[in-house]
Protein chains: 2
Amino acid sequence: MTLSEEDYIKAIYHLGSGKEQPISTNAIAVQMETKPSSVTDMLKKLSGKNMVKYKKYKGVSLTEHGELTALSIIRKHRLWEVFLVDKLGFAWDEVHEVAEQLEHIKSDKLIDKLDTYLGNPRVDPHGDPIPSKEGEFKKSVKKLISELPLGSEGVCVGVNDSSAAFLKFLDKNGISLGDTLKILEKEDFDGSVSIEVNNKEMRISDQIASNLFLEVLEKN
Amino acid sequence: MTLSEEDYIKAIYHLGSGKEQPISTNAIAVQMETKPSSVTDMLKKLSGKNMVKYKKYKGVSLTEHGELTALSIIRKHRLWEVFLVDKLGFAWDEVHEVAEQLEHIKSDKLIDKLDTYLGNPRVDPHGDPIPSKEGEFKKSVKKLISELPLGSEGVCVGVNDSSAAFLKFLDKNGISLGDTLKILEKEDFDGSVSIEVNNKEMRISDQIASNLFLEVLEKN
DNA sequence: ACAAATATTTAGATTTGTCTAAATTTATAT
DNA sequence: ATATAAATTTAGACAAATCTAAATATTTGT
């Protein structure tokens, strides 16, 4: 697989994830920031390598083989992201570009050892799931803390209310986007929630809980 | 710089290191496992980018700019090798191929952070020096322990006497190629040497010291 | 249903890095 | 010194990945 082929496979995967109908040439061209004619050329090539099912004018979808390839690339990308954030101290929102390069490094042994070294993480710094070596993974969903059941664990990925006051509150309490957060207790009385972030336990009000999004793994 | 350009620059650097006369087209072709005509094409291209001084039929040498580029690539290669061995647990003799890929990753911030994370190592797992960000580095030489002065510190890189008995001795005493070794004391009387390896102190006979090569940094 | 709009593919050109074969330059040996 | 050998460059071709422009297929609106 060339670098370019891998990028196309990944793009098709991201466009087609979950959906049933095939992906259009145009959609791929937009995603890859290239021309539809270039996409057509590549689709023929990938079809010849059994990575995609391609019917002229009818769009394209990944074969079993293509999907496993995509998942292997995504696995590498996300493991490298964990490395960059957890080990090298990058911020969660500045790792994508470098991981786009690192995901193309070819060495199964490297990825196995990296996975072990990182403690076999299940999610990347954005809360997205990391596929296993065999290509299995749980989907993730973005939900408000207030919508999640007790015991949920996820990554802070966004806020509903981006007012300066709210962001300041988060900052003051040492909560940053990218942090892992666990729901310990919920108070029916006032909707307040006990959480654990960065090894600290704290209680947040219903108002906070209704404004902070967590990316959590679906429970199968 | 493309991947291919970087590989040529590195090859020219390795062939020309220290020598005064320019590098021949043929030598580069052998090193790169390619045809002389391909080399000629690339030399024209690199010359246009001010990376090499090239005179038809007269060979080539790196410009200042080309040399700094080479050193930056070597820096990246060797830092990644340290990472693979120290952090991921690769053996010192199985990292080269992966490092050849990793050295092309483009991100100054990544290399800065990696360097810090690894504790600013001065040598790679083969005992070769790691150039600084500015392209400065001490040369290294391969010498027998018996030839080195007190206080020398280096990496075990080879043996003079590869007899089964000698290799077995090293193994039994927990000395492997790639280990860092320090010379603590030398006994004039019998030529025996006190050394530190893997946080253990031990005494080796003159016979051992005359058969084990260390790669050490030159003292300027 | 069919003309117009949109999407897709084909044809032909371009760039990068490579190759072989032929031409040219430099080195060597008597 | 000059013929021969060796090294190097040039010329022309090729594969990968891209592009533009033209041709063709599909979809949509009335």
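Letters A, B, ... are given to chains in the order of the sequence lines, protein chains preceding strands, and every chain is numbered from 1.
The NZ atom of A:Lys58 sits 9 Å away from the C1' atom of D:dA25 (whole-angstrom rounding). Per the geometry, CG belonging to A:Leu3 stands 15 Å off C1' belonging to C:dT16, to the nearest Å. Rounded to a whole Å, the CE atom of B:Met32 is 11 Å from the C1' atom of C:dT18. Straight-line distance from the CG atom of A:Asp41 to the P atom of D:dT20: 13 Å, rounded to whole Å.
Summary of the strand contacts: A:Met42 and B:Leu43 both lie near DNA chain D, and taking for each the nucleotide with the nearest heavy atom, the more 5' one is attributed to B:Leu43.
Of the options A:Asp112, A:Asp108, A:Asp115, a salt bridge (Lys or Arg N to Asp or Glu O under 4.0 Å) to A:Lys133 is made by A:Asp112 and by none of the others.
By the 6.0 Å contact criterion, NZ on B:Lys143 is open, its count of non-hydrogen atoms from other residues, nucleotides or ligands being 12 or less.
Side-chain atoms of B:Lys44 lie closest to D:dT10 of the nucleotides D:dT10, D:dT18, D:dA25. Candidate nucleotides D:dT9, C:dT18, C:dT9 were compared by shortest atom distance to the side chain of B:Thr34, and C:dT18 ranks first. Among C:dT10, D:dT9, C:dT18, the nucleotide with an atom closest to any side-chain atom of B:Tyr57 is D:dT9.
In this structure, A:Asn26 does not reach the C:dT6 phosphate: none of its side-chain N or O atoms is under 4.0 Å from OP1 or OP2. Phosphate contact (OP1/OP2 of D:dT18, side-chain N/O of A:Tyr8, threshold under 4.0 Å): present. Checking the phosphate oxygens (OP1, OP2) of C:dA7, no side-chain nitrogen or oxygen of A:Ser24 falls inside 4.0 Å. Residue A:Tyr54 has a polar side-chain atom (N or O) positioned under 4.0 Å from OP1 or OP2 of C:dT9.
For B:Tyr13 and B:Tyr8, the gap between ring centers reaches or exceeds 6.0 Å. Checked against the 6.0 Å centroid criterion, the rings of A:His126 and A:His96 do not qualify as a close aromatic pair.
A salt bridge is defined here as a Lys NZ or Arg NE, NH1 or NH2 lying under 4.0 Å from an Asp or Glu carboxylate O, and B:Arg78 with B:Glu103 fails to meet this definition.
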Between protein and nucleotides 20-22 of chain C, what N or O pairs are separated by less than 3.5 Å?
from: C:dT20; atom 1: O4; to: B:Ser37; atom 2: OG; distance (Å): 3.0

query = Where do B:Asn26 and B:Ser24 land on the side-chain hydrogen bond (donor to acceptor under 3.5 Å, both in side chains) test, with the steps shown first?
reply = CA-CA 5 Å; B:Asn26 241 0; B:Ser24 77; 5.9 Å; no

ask   = Please walk me through it: do A:Asp7 and A:His104 pass side-chain hydrogen bond (donor to acceptor under 3.5 Å, both in side chains)?
value = CA-CA 9 Å; A:Asp7 285 339; A:His104 297 292; 3.1 Å; yes

